[in-house]
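Hydrogens, waters and symmetry mates are skipped; everything else that's a heavy atom, side chains included, is used. The chains referred to below are lettered A, B, ... by the order of the sequence lines, with proteins before strands, and numbering in each begins at 1. Just so it is clear, the structure is predicted and the values come from calculations on it, not from any experiment.
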Amino acid sequence: VAAVEPRSAVVPPTITRRIVPKLPPPPVRPVVPYVGVVHDRANVEIQRGCSHGCRFCHAGIVYRPVRERPVAEVLEVVDAILHNTGHEEVALLSLSSADYRNIEPLLKELLNRYKDQQISFSLPSLRIDSFSVELAALTQERRKTGLTFAPEAGSQRLRNVINKGVTEEDLLRTVEAAFGAGWRRVKLYFMMGLPTETDEDIEAIVELARKVRDVGREITGKRVEINVSVATFVPKPFTPFQWMGLLDSDTIVRRQDVLKSRLRGKGLKIGWHDPDSSLLEAVLACGDRRLGEVIYRAWRNGATFDAWGDRFKPEAWWSAFAESNLDPDFYARRARPVDEVLPWDHIDVGVSKRFLVREWENSMEGKVSPGCMEKCMGCGIRSAYDETFETCEAACGEKEL
Amino acid sequence: VSEAGPVQRVRLTFSKGEEVKYISHLAVMRAWERIIRRAELPVAYSHGFNPRPKLAFASALSVGYTGRAEVLDVELGRQVELRAILKRLAPQLPEGFTVAAIQEMPLRAPSAQSQLRYAVYRVSLDAQLPADVLQAGLDRLLSAAELPRQRTVKGKVRRYDLRPLVCELWYHSSRGGGHVLGMVLANSSTGTGRVDEVAGELGVLEDLRAVERTQLLFEGEPVDPDSIKRSFFEGG
């Protein structure tokens, strides 16, 4: 790709993401379906943006900066949405709910207000720390269904590469708290195919999962269930990993086989992703406008409901690529030079490419970067948007580098 | 958590209309839980790890059938006047649901489901057969000593006698180029007669156009064909 230019004169050459300094009011009159749907509950966004800076995370970059919805407004909105829908559960949405500064008072107030109506509350994304376990204990007081934690990588070396600021000790202490509080089922999310990954990092996933199980047995004196989900990492635009390729299929399969054979045993269960669907995901994530034709052709070839494993027809896609004279590997498996024109370079999400390059270099050196709350890394979100300057400063309390 | 037990039980008679006839019984239950929450009625909850609102339906209605007088008992943790309940429910009912009646029930009365005996159906058929042939079919069913049938339930073939489950059948009228039949079928813990089974026995399964459950008859209520027939079109 030499350049991406508008096809119509009315389209500006650069598309700038618009950032609202204050979160707009959330929808409080959603459709209430009769059938049981996947997320059958009321949703209230309590915070947008995340301050952690994990290098694989698309949402962590494109939803910057962190903006909180005030507690008083959340309370009002929950009241309205319950009144309008009659739902029995409310999810308090954000990229990292435990980061919402008043999460504990908010949760306690909500539980207190709705205790007679048996309304339950859920926090979809918890950090790996004991505070998060305390929050979960508040929301699952009666029925402890399960807790999910995402160490993302098995070894400390690799967690530093991806800037997931979590140590093994953090995780073990956290699950210790969870088992101590009465949970028996813990889900662990990992990724494979991360940059610089070796077979030792895969082995480290096995070791870590076993340690978690052993902590569970020790604390509870009973059987525990550890569900280990190992997704295949797919590089995403606007992240420091946007220049890297998807792991080749043979290595994916070989490492999955290692995990499947090594993560056997009592109390351990493993889930993984189908390599073909990861390839398609990677192509679509980092594709360009030529893929419009491929998508159309794949549909003509019978591709529908592709996210359902049993309906996914990889051949429909691969032949669509062939018909369009395009190679999926060109999009998905190629390491891109840092000076290559990327198909999304004309979109300005407010975070500078310079910052992404710097973070890519840091990751290759295994250097950890602090989150926005500790230190501003100069990602560009502040200077890019005068309007939100104040909000961002209020959120991280630091001057821009 | 409010541990106070229920102090009041009310019986709602509601309709499930055309708009919602394809939603399942499970979905109807969920819809009512939400209607009652939206209406802010102080419904009582069951105890235990997973408290459920105390709603009890008399009988599940088959998907695709409409119901004119479905019965739901609701237990409340606080006393509310019947008229106030109706007033609060009215604006919360989705299209297709209406409340036809409300009455107080003794708290300790046996469940509606356990007291249910019969269900009355108004069955509309396409006019493939002449009325007299249909009538002869009805007569044959009613005079039979037994009606052995088999049904496949979850892959297993079950043999049973349909006859004791059929209480009354009659040819009601011809309407809009079709026929209307009336059926009173058993609906209790010991057996439930199905409209499609009766239609199968009559050889008119393919002609079923619409089925409406018009009435539920409970223990102690007389099965009086004449009064049932008379009330058949009331409100419908």
Subject >> B/S62 side chain vs B/Y65 backbone, donor-acceptor pair below 3.5 Å >> reply: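 Not at all, since once roles are kept as given, no pair shorter than 3.5 Å links the two residues.
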Subject >> Test item: B/Q92 side-chain N/O and B/L89 main-chain N/O as donor-acceptor pair under 3.5 Å >> reply: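 No, B/Q92 side chain to B/L89 backbone: no donor-acceptor pair under 3.5 Å.
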**OP:** Anything under 30° is parallel, anything over 60° is perpendicular, the rest tilted; go ahead and classify B/F97 against B/W32.
**Re:**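 The arrangement is perpendicular - the two ring planes meet at more than 60°.
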Original post:
Are B/E75 and B/Q8 linked by a side-chain donor-acceptor pair shorter than 3.5 Å?
Top reply: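 There is no such pair between these side chains.
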Subject >> Exercise: do A/E45 and A/S94 side chains pair donor with acceptor under 3.5 Å >> reply: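 The answer is no; no qualifying pair exists.
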Less than 4.5 Å to any heavy atom of chain B: does that hold for the side chain of [X], its backbone, both, or neither?
X      : result
A/S120 : neither
A/N84  : backbone
A/L111 : neither

Subject >> Residues A/D99, A/R127: salt bridge by 4.0 Å N-O rule >> reply: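 Yes, charged N to carboxylate O under 4.0 Å.
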Original post:
Counting heavy-atom pairs under 4.5 Å to chain B, which of A/V35, A/T85, A/V32 comes out on top?
Top reply: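 Answer, by heavy-atom pair count under 4.5 Å with chain B: A/T85.
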**OP:** Give the member of A/L82, A/I119, A/D40 that has the highest number of heavy-atom pairs under 4.5 Å with chain B.
**Re:**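 Of the candidates given, the most pairs with chain B belong to A/D40.
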Original post:
Who in residues 16-31 of chain B is close to chain A, using a strict under-4.5 Å heavy-atom cut-off?
Top reply: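 Listed by number: B/V20, B/I23, B/A27, B/R30, B/A31.
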Under 3.5 Å donor-acceptor pairs involving side-chain atoms of residues 263-274 of chain A, not counting sequence neighbours:
from, atom 1, to, atom 2, distance (Å)
A/D274, OD2, A/S277, N, 3.1

Subject >> Validation row: B/L116, B/S59 side chains within 4.5 angstrom (heavy atoms) >> reply: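 A side-chain contact exists here, since the closest heavy-atom pair is under 4.5 Å.
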